[in-house]
Amino acid sequence: MVLRALEEAMRTSKTEGSVLQGKLTVEHILPQKGSLEDYPYAEKMPANEGETIEQTHFRILHTIGNLTLLTQELNSSVSNGPYPEKRAEIIEHSDLRLNAWLRKDEKKNWSEADILDRGETLFTYAKDIWPLPTEVAIKVAGEISE
């Protein structure tokens, strides 16, 4: 639901009109079972204090910046493959705005730092979809709950 809402928010007046039809599945760009050879840890790992590299990896793996939507067929074909091949297949077969950034991004690898960067980008769209409540709305909500 969140990824579909982000997809809709990323569309502009220049985007062709289309309806998300069929079943889309959530794909981890950095795979849950990817190899370190194909997906090496970030050079500068964004670790919290006292966190091991592995703990940092697993903390970031399931965050929104690492998730996208694909058809089941495309998801199955790219699932745990190396990033360059996965990127090429998504570019070839996905028309979603959620994946359009891959056309411009020419990274050879995808890492935990990249996930956090993409998460920040997606968060800007999320704030437009779900803005913080205004002071008036907070006051009204407080009066209703009393």
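Only heavy atoms go into these numbers, but all of them, side chains included; no hydrogens, no water, no symmetry mates.
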Exercise. Starting from the C-alpha separation in whole Å, work towards a yes-or-no answer on side-chain contact (heavy atoms from CB on, under 4.5 Å) for L70 and V26.
Key: CA-CA 7 Å; L70 301 176; V26 175; over 6 Å; no
Quiz item: Between R4 and E8, does a salt bridge (charged side-chain N to carboxylate O under 4.0 Å, His left out) hold up when you go through it step by step?
Solution: CA-CA 6 Å; R4 280 180 178 261; E8 292 294 328; over 6 Å; no
Quiz item: Checking side-chain contact (heavy atoms from CB on, under 4.5 Å) for the pair N66/R118: CA distance, chi angles, key distance, verdict?
Solution: CA-CA 8 Å; N66 192 40; R118 182 166 178 260; over 6 Å; no
Quiz prompt | L69 and T25: CA distance, side-chain angles, deciding distance, side-chain contact (heavy atoms from CB on, under 4.5 Å) verdict | solution = CA-CA 5 Å; L69 293 172; T25 60; over 6 Å; no
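Taken to the nearest 0.5 Å, the CG atom of N99 stands 12.5 Å off from the NE2 atom of H93. Here the straight-line distance linking atom CZ of R97 with atom CZ of R11 works out to 8.5 Å at 0.5 Å rounding.
Pairs engaging residues 46-57 under the salt bridge (charged side-chain N to carboxylate O under 4.0 Å, His left out) rule: E51-R59 [sequence neighbours left out]. Sorted by first and then second residue, the salt bridge (charged side-chain N to carboxylate O under 4.0 Å, His left out) pairs with a member in residues 60-87 read E27-K86; sequence neighbours excluded. Legend: salt bridge (charged side-chain N to carboxylate O under 4.0 Å, His left out) pairs involving residues 101-116, not counting sequence neighbours, sorted by first then second residue: D105-K107, K107-D114. Residues in residues 123-133 take part in no side chain to side chain donor-acceptor pair (under 3.5 Å) pair, two or more places apart or across chains.
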Do any side-chain atoms of residues 29-37 form donor-acceptor pairs under 3.5 angstrom with protein atoms, and if so which ones, sequence neighbours left out?
residue: Q32; atom: NE2; partner: H28; partner atom: ND1; Å: 3.2
residue: S35; atom: OG; partner: D38; partner atom: N; Å: 3.1
residue: S35; atom: OG; partner: D38; partner atom: OD2; Å: 3.3

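Clustering of Ile, Leu, Val, Met, Phe, Trp and Tyr side chains at separations under 4.5 Å leaves F123 isolated, with no partner residue.
Ring geometry for W110 versus Y83: interplanar angle under 30°, hence parallel rather than tilted (30 to 60°).
Every residue two or more places apart in sequence or in another chain that forms a side chain to side chain contact (heavy atoms under 4.5 Å, CB included) with T63 is listed here: I60, I115. Partners of A113 by side chain to side chain contact (heavy atoms under 4.5 Å, CB included), not counting sequence neighbours, listed by chain and number: A42, S111. Judged as a side chain to side chain contact (heavy atoms under 4.5 Å, CB included), and not counting sequence neighbours, E120 has no contacts. By the side chain to side chain contact (heavy atoms under 4.5 Å, CB included) test, I64 pairs with V2, L3, L6, L122, sequence neighbours left out. Considering only residues two or more places apart in sequence or on other chains, S79 meets the side-chain hydrogen bond (donor to acceptor under 3.5 Å, both in side chains) condition with none of them. Here S77 pairs with nothing under the side-chain hydrogen bond (donor to acceptor under 3.5 Å, both in side chains) rule; sequence neighbours left out.
In this structure, L24 and Q72 have side chains that are not in contact, with every pair of non-hydrogen atoms separated by 4.5 Å or more. In this structure, the side chains of T56 and N48 stay at 4.5 Å or more apart for every pair of heavy atoms.
A continuous path of Ile, Leu, Val, Met, Phe, Trp and Tyr side chains, each step under 4.5 Å between heavy atoms, connects L98 with L67, placing both in one hydrophobic cluster. Note: the hydrophobic cluster containing L61 also contains Y39 (ILVMFWY, side chain heavy atoms under 4.5 Å, direct or indirect links).
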